[in-house]
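Here the structure comes first, spelled out in structure tokens, and everything after it is commentary.
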Amino acid sequence: MNMKKLISMVLVLACVFSMAACKSKDEGDKKEEGGEEKKTLVMATNAEFPPYEFHEGDDIVGIDAEMAAAVAEELGMDFRIEDMAFESIIPAVDSGKADIGVAGMTVNESRLKNVNFSDTYAKATQVIIVKEGSDITGPDDLTGKKIGVQLGTTGDIYASDIEDAQVEQYNKGFEAVQALTQEKIDAVVIDGEPAKEFVKDAEGLKILDEAFTEEEYAIAIAKDNEELLGQINDALASLKESGKLDEIVAKYIKSDAE
Ligand code: ARG
């Protein structure tokens, strides 16, 4: 009898101690500054998506990276980026491993089941990249073709809806574009701005004029974090109002006129 009691007490104590250990580890994340705790805003992304997020040496730069850093600054928070597979971003946000998902992420119904989205910060399109001289001249010609996409993206979702199309899913958008260059596939469906970046660096590829869809990018936040949603929207509004967001965009997207 007593033994049982002792064991359960030990178990309770072990729990209490491990909880305390977890807590202090958590608090280790926050820096003390002027006696005040500074929270770190953790951004989950997939840095394979220029001009929104991409690697530059050891850094991750781009519109999303700078915008999120500016949001953190507005909120008086420290800032850190976690790079991961695109498909892992929503689970990371949902589970609290990251506070926000910022990845040129399109707002759509199925994602809204798992996360909240901030106000939108950019308009986007899905475009079709083909080889110069291709017989594909618009979305209707994609029927029955081999289409490359980045796994888990809206391009992937749309391509999968095309009749008789064979969809090849790549971990990086750039890999799909490479496969097109090597004529392993007939077309790539991907967001317009990354498409421009990838085509610029490739030989013999072009973007079709007719856009496939129109979409909007927003920041993903955990469903149970309504407070952060409000804070992010306020910070975004002030970045829009001050012209800071436009400034960041202009740094990475040169006008078509050049
Ligand atoms: N806009 C598309 C989507 O939301 C593609 C985003 C891909 N982003 C990235 N960082 N790889 O599905």
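Because only heavy atoms are used, hydrogens play no part in the values below, and waters and symmetry mates are left out as well, while side chains stay in. We number each residue from 1, following the sequence as shown.
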*Do V249 and M43 belong together in a cluster built from hydrophobic side chains that touch within less than 4.5 Å?*
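Same cluster.
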*asked:* Hydrophobic clusters here meaning ILVMFWY residues chained together by side-chain heavy-atom distances under 4.5 Å, can you tell me if L151 and F49 are in one?
replied: no
*Of E214, E216, E215, which is the lone residue that meets side-chain hydrogen bond (donor to acceptor under 3.5 Å, both in side chains) with K123?*
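It is E216, the one option of E214, E216, E215 that forms the side-chain hydrogen bond (donor to acceptor under 3.5 Å, both in side chains) with K123.
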*Using the salt bridge (charged side-chain N to carboxylate O under 4.0 Å, His left out) rule, collect all pairs that involve residues 127-136, keeping only residues at least two apart or in two chains.*
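Qualifying pairs, neighbours excluded: K131-E183, D135-K145.
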Side chains of [X] and [Y]: does their closest heavy-atom pair fall under 4.5 Å?
| X | Y | value |
| --- | --- | --- |
| Y121 | M67 | yes |
| V167 | V149 | yes |
| I207 | I128 | no |
| F117 | I221 | no |
| N46 | Q150 | yes |
| Y252 | E66 | yes |
| E74 | V71 | no |
| T213 | T125 | no |

*Are R80 and E82 ion-paired here, with the side-chain N under 4.0 Å from a carboxylate O?*
yes
*asked:* Quick test of your reading of the model: are K38 and D78 salt-bridged, counting only N-O distances below 4.0 Å?
replied: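 Counted as a salt bridge, because a side-chain N and a carboxylate O are separated by less than 4.0 Å.
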[X] versus [Y], closest heavy-atom pair with distance:
| X | Y | answer |
| --- | --- | --- |
| E53 | V102 | OE1-O, 3.5 Å |
| P51 | P194 | CD-N, 4.0 Å |
| F86 | G152 | CE2-O, 3.5 Å |
| F198 | G173 | CE1-C, 4.0 Å |
| G101 | V93 | N-CG2, 3.4 Å |
| Q169 | D156 | NE2-OD2, 2.9 Å |

*Could you tell me whether Y217 and Y52 have their ring centroids closer than 6.0 angstrom?*
yes
Is the side chain of [X] donor-acceptor paired with the backbone N or O of [Y] at a distance under 3.5 Å, no angle test?
| X | Y | answer |
| --- | --- | --- |
| D94 | I90 | no |
| T120 | A122 | no |
| D64 | G104 | yes |
| K223 | L112 | yes |
| S242 | K244 | yes |

*asked:* Regarding Q126 and D191, do their side chains bring together a donor and an acceptor under 3.5 Å, going by distance alone?
replied: yes
Please table the atom pairs, donor to acceptor, closer than 3.5 Å between any side-chain atom in residues 224-233 and protein atoms at least two apart or in another chain.
{"from": "N225", "atom 1": "OD1", "to": "L228", "atom 2": "N", "distance (Å)": "3.3"}
{"from": "N233", "atom 1": "OD1", "to": "D119", "atom 2": "N", "distance (Å)": "2.7"}

